[in-house]
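Structure, as structure tokens:
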Amino acid sequence: MKKTIPQLISERILILDGAMGTMIQQYNLTEEDFRGERFTHIPGQMKGNNDLLCLTRPDVIQDIHRKYLEAGADIIETNTFSSTTISMADYHVQDYIREINQAAVNLAREVADEYTRRNPDKPRFVAGSIGPTNKTASMSPDVNNPALRSITYDELVTAYQEQMEVLLTAGVDAILIETIFDTLNAKAAIFAAQQAMDVTGIEVPLMLSVTVSDTGGRTLSGQTLDAFLASVQHANVFSVGLNCSFGARQLKPFLEQLAARAPYYISAYPNAGLPNSLAQYDQTPAEMAVQVKEYVDEGLINIIGGCCGTTNEYIAEYSALIQGAKPHIPVAKPACLWLSGLELLEVKPEMNFMNIGERCNVAGSRKFLRLIQEKKYDEALSIARKQVEDGALVIDINMDDGLLDAKEEMTTFLNLIASEPEIARVPVMIDSSKWEVLLAGLKCVQGKPIINSISLKEGEEKFLSYARTINRYGAAVVVMAFDEKGQADTFGRKIEICERAYRLLVGEVGFDPHNIIFDPNVLAIATGIEEHNNYAVDFIHTVRWIKQHLPGAHISGGISNLSFSFRGNNYIREAMHAVFLYHAIKQGLDMGIVNPATSVLYTDIPEDVLEKIEDVVLNRRPDAAERLIELAETLKNTTANQTQSPAVVQDAWRQGSVVERLQYALIKGIGDFLEEDLSEALPLYDKAVEIIEGPLMGGMNKVGELFGDGKMFLPQVVKTARTMKKAVSILQPIIESEKAASHCTQVAGKVLLATVKGDVHDIGKNIVSVVMACNGYEIIDLGVMVPAETIVQQAIEYKVDMIGLSGLITPSLEEMVHVAVELQKAGLHIPLLVGGATTSKLHTALKIAPVYNAPVVHLKDASQNAGVAARLMNPELKNELAEELNKEYQQLREEKETTEKNIVSLEEAQKNKLNLF
Ligand code: THG
């Protein structure tokens, strides 16, 4: 019997294959190869649609598989990275995905089995490759509308499941969800994998591989690796690892981090080093092997392969490296509750108490309700942000109001939070009494949230079904002490229900006890009704009982409920909460929904007040409530202000100069004070646009620096861009009126802007657009993913004065060359500006400028655009610039040539040396 991957994994390190794309490139395939005879009728370009080659050039794909098997790969990946209807729609071949996936498995299976037959001691496996798709579920495609999504969780699940069902029935040995850059996409893929395995009845190991996007080790959507692990904790994960992003050396610290925490086998398939300025990977197989050897020697990995830039020659190095090496031994599963937002929250016993912010609740805050009703989401978000600043470790979100569409508001608000890194840092508690709202919430968050709440109110069957679904989506759950008979208000009823729920969740659903949070109902006391007097005591006793009898489970409560009868007297309310928490935490209360801004500490409460409150909370005398009410009356006027002190400290940054404040707001992405700060800044400058070019661009540059240093991550940068946009929109009317007053209504020039085909990043482009517009240019913004033909055609139609191309990812470099070629073909001489993260002066000099007979300028950041544009608009200055560029580019080309020559001669010298000996 052939051994399985799970059997082999503990015996030795397994070798995964290398990149498919790099290998395909070596075949120099043409558009016709990609199309074959079958797809001649499909519009657009087909070259680059690698997965389609499974149908049109199966010989090439099988040849590549064979090369990797020959190089020693134990596991080869199907050529299906983009074979979902979502990604294939780009090439208009979404109708063929079943066929592509089926063919892909057949091709890989055939050769893998052939090699297994040849040497049964080294069985070969096929992993079904599942890419992230070209859409992201937790980020907005539109900077101006952060709640927007270009794809939903459900759409992803449908597409993934369709692909996976084919892969499974066609016979893959594992499912590999790879190049994960957005955990919500990955969660949808995991969900789909579970469904697909259920439907087909075929169970295979689930492998995950994340790609980190910045030097801080976060995913593109901003999560840390630790947070990611919490997000996927619910899945039956076989292995987790890292691929792409960096070379083996740069990837190592992140791999160490993962291996230290992930209770799974560890995989890694790095790029062949870092790309040079021409986006080529020039690390040699031997160089890469040296770096990978460190992984092996340090016991970091179980599965090793290669990503961008690697070929069979790289994989061939591995067999020797792993000879006799010890595979990584996975660490134990966590013994506590893990939650996550962008960051991990470990709810450890030594944490004492975890506060959950209560203020984003339309039923619990009149202000929040009004803001949501009036759709003032910015201000509503400020409430969330303030809670996190005040120390809330989780924030509760509740949209249950008769006049609101709770499901829609929950979705909108959670999507908005996702774009606010300072809020999204913490996990959310999705709070609703409606199941459909809870479910909608689960589909919005990339982190691991808490669902608040379910109960036995509608019987066991519903309860179990809700719990199973929550488990499948990956969340912790609050279970209210409710059953078919109603709300538990005595100790006996509370423990009866909690015990029953625990038994069902752990015994029948297989819930991890750490993911269960019991809420034994905090009910109002001192109401004047005698039966209510013991509510707090019963709650506290229940806390103790649960801690002793239901191992692993947590306990929470809505603390502010306790003091409803003292509404209007915040001091008494907060003092009651402090007293209640003091006693409940001592008995083991783990968390509570509270106002995180509360300032009253147990130890601060004057003795006489404390005694009266404790009488009430602990139900120590029959007249306790009356006595407290009496005291409250006398305190009302004198101490009303006591709860208002702490807010001031948070806004210390407001003390700085107006320039400092503007830059701070920009870097932190805080839009709340822009109006006042900008109007204060206006008199300090001659023209409004100078504020943009001065302090605001200064702030943006700082953001760029911080991002480069890995001290900021993408969602923060996106937020910054939005703040910039808001600042500009405030200044825009002033800029307009200044222009009108100076009678200079003439446009400075027409600029066409586009992010090139294959790339969806547009923050940089949008900033350029703003800066240029402020400088009087008319902007024709074609958006993202713009094909070369459209750029050429629109440039002609609008008679633009210059074209700005933007791109963030490596393939965009080649696409920019393509655009330049097309412009040249069309006989145009419109100056071209290129910018974006992977662009470089060297690449511009070597690859773009030579193919286009017009000035091609590389711009480092948006602040340079206006200056360059002004020169381009003046015929004399334009010629001068063109000459400067020519000289500079020529020099760069020569330098490059000499280094290359040197390398060649060095190599020759070495060869000669070898010959000599
Ligand atoms: N258990 C669980 N979830 C819950 C509760 C619970 N969610 C909602 C609620 N109870 C906890 N949240 C709040 C939020 C606010 C208040 C009380 C509980 C509150 N608000 C002030 C009031 O009503 O007087 C609002 C004043 C204002 O408008 O600002 O007290 O028990 N699992």
Side-chain angles (χ1 to χ4, degrees), residues 354-373 379-380 382-384 386-387 390 392 394-401 406 410 428-434 437-438 441 449-457 466 470 475-482 487-489 494 497-498 501 516-527 532 535-536 538-539 542-543 546 553-578 580-581 584 589-598 600 632 640 643-644 647:
M354 177 175 107
N355 60 347
I356 301 161
E358 67 174 19
R359 307 310 301 172
C360 293
N361 180 341
V362 292
S365 161
R366 268 158 299 198
K367 184 175 173 195
F368 190 73
L369 173 63
R370 178 177 57 78
L371 294 174
I372 298 299
Q373 278 169 341
E379 271 184 76
S382 293
I383 294 185
K386 167 113 187 351
Q387 294 193 89
D390 284 337
V394 174
I395 50 174
D396 181 80
I397 315 288
N398 184 314
M399 296 290 180
D400 286 352
D401 178 86
M410 181 62 83
V428 290
M429 176 178 256
I430 302 166
D431 185 350
S432 177
S433 53
K434 298 193 196 82
V437 178
L438 298 174
I450 303 172
I451 285 298
N452 179 16
S453 58
I454 60 170
S455 77
L456 282 157
K457 178 158 55 178
Y466 292 155
I470 291 167
V477 69
V478 173
V479 179
M480 298 294 299
F482 252 97
Q487 186 174 36
D489 53 3
K494 287 175 202 271
I497 297 173
C498 292
I516 305 171
I517 300 162
F518 284 113
D519 185 330
N521 306 324
V522 176
L523 303 169
I525 53 172
T527 57
H532 298 177
Y535 278 171
D538 281 337
F539 183 95
T542 307
V543 169
I546 293 175
H554 294 92
I555 306 136
S556 176
I559 308 304
S560 301
N561 307 346
L562 186 80
S563 60
F564 273 144
S565 47
F566 289 88
R567 273 185 167 158
N569 191 327
N570 276 346
Y571 177 74
I572 288 289
R573 287 192 70 174
E574 293 193 10
M576 285 173 75
H577 303 160
F580 178 73
L581 284 175
L589 183 71
D590 303 281
M591 56 191 86
I593 308 172
V594 297
N595 180 357
T598 184
V600 182
T643 60
Q644 286 172 8

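Start at 1 and go down the list; that is how both ligands and their atoms are numbered.
- Within the 4.5 Å cutoff, no side-chain heavy atoms of Thr598 are placed close to those of Leu581.
- Judged as a salt bridge (charged side-chain N to carboxylate O under 4.0 Å, His left out), and not counting sequence neighbours, Asp401 has no contacts.
- Across every non-hydrogen atom of Ile517 and Ala476, the tightest pair is CD1-CB, 4.3 Å.
- Applying the salt bridge (Lys or Arg N to Asp or Glu O under 4.0 Å) test to residues at least two apart or on different chains, the pairs with a partner in residues 363-373 are Arg370-Glu374.
- Side-chain atoms of Asp590 never come within 3.5 Å of backbone atoms of His554 as a donor-acceptor pair (strictly under, hydrogens ignored).
- With sequence neighbours left out, the side-chain hydrogen bond (donor to acceptor under 3.5 Å, both in side chains) criterion links Asp538 to Asn534.
- Ordered by chain and residue number, the residues placing a heavy atom less than 4.0 Å from ligand 1 are Glu358, Arg359, Asn361, Gly364, Ser365, Arg366, Asp431, Asn452, Val478, Met480, Asp519, Gly558, Ser560, Asn561, Phe564, Arg567, Arg573, Ile593.
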